[in-house]
Amino acid sequence: QVQLVESGGGSVQAGGSLKLSCTASGLRVDMYCMGWFRKAPGKEREGVAALGSDGTASYEDSVKGRFTISRSNDLKNLYLEMNSLKPEDTAMYYCASGPRFVGSWCLGRRESDFATWGQGTQVTVSS
């Protein structure tokens, strides 16, 4: 059984940084499409970043240059480094995994392509 657990959220001032972690059990994160999504009040859940098994990454336009998705050396954790945070980044952030043998579809960051989800971790950015 695959389980994903997020941690590292919190409340920060605009311009600050946070690093989110997703601990995976039942899978190696390099064998699956892995992604970070977020849900803000009044908005639909959107794909923030995705990482394919070959290490190729994609990002939502508003976070390019500020966020970085990566995996740990032991392949048990997925990270999202967030820098230069803005109030509009405030949301519940979710880690998710998709099927094995990842293709280019992974980088599309579509919610329907991800089957397993963590419980979420809250990120709040104040002005």
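Note that the coordinates shown come from a computational prediction; the quantities given were computed from them, not determined experimentally.
The two atoms that bring Ala57 and Leu51 nearest to each other are CB-CD1, 4.0 Å, heavy atoms only. Shortest non-hydrogen contact noted between Ser84 and Asp89 is O-OD2, 4.5 Å. When every heavy atom of Val12 is checked against every heavy atom of Ser17, the shortest pair comes out as CG1-O, 4.1 Å. Residues Phe37 and Arg109 approach most closely at CE2-O, 3.5 Å, considering heavy atoms. Considering all non-hydrogen atoms of both residues, Ser127 and Ala14 come closest at CA-CB, 4.4 Å.
Contact of the Leu27 side chain with the Thr116 side chain is not registered, since no non-hydrogen atoms from C-beta on lie closer than 4.5 Å. Side-chain contact check for Trp36 versus Met82: every heavy-atom pair is 4.5 Å or farther apart. Considering only heavy atoms from C-beta on, Leu4 comes within 4.5 Å of Met34 through its side chain. At least one side-chain heavy atom of Val5 sits under 4.5 Å from a side-chain heavy atom of Gln119. Side-chain contact between Thr121 and Ser7: absent, with no pair of heavy atoms (C-beta onward) separated by less than 4.5 Å.
Phe67 and Tyr93 have tilted rings, their planes meeting at an angle from 30° to 60° on a 0 to 90° scale.
Between the CG atom of Asp54 and the OG atom of Ser104 there is a distance of 10.0 Å, given to the nearest 0.5 Å. Going from atom CG of Leu80 over to atom CD1 of Ile69 covers 6.5 Å, rounded to the nearest 0.5 Å. The structure places SG of Cys22 at 11.0 Å from CH2 of Trp117, a figure rounded to the nearest 0.5 Å. Atoms OG1 and CZ, from Thr90 and Arg38 in turn, are 9.0 Å apart once rounded to the nearest 0.5 Å. Rounding to the nearest 0.5 Å gives a distance of 7.0 Å between CG of Leu78 and OG of Ser70. One distance of note links CE of Met92 with OG1 of Thr124; it measures 8.5 Å at 0.5 Å rounding.
No donor-acceptor pair closer than 3.5 Å links the side chain of Glu81 to the backbone N or O of Lys19. Side-chain N or O atoms of Tyr59 include none that pairs as donor or acceptor with a backbone N or O of Gly65 at under 3.5 Å. Remark: the backbone N or O of Gly47 is not paired with any side-chain donor or acceptor of Glu111 at under 3.5 angstrom.
A salt bridge links Lys64 with Asp61: the closest approach of a Lys/Arg side-chain nitrogen to an acidic carboxylate oxygen falls below 4.0 angstrom. Between Arg28 and Asp30 there is a salt bridge, with a side-chain nitrogen of the basic residue lying less than 4.0 Å from a carboxylate oxygen of the acidic one.
In the hydrophobic clustering of ILVMFWY residues, with side-chain heavy atoms under 4.5 Å counting as a link, Leu18 and Tyr94 come out apart.
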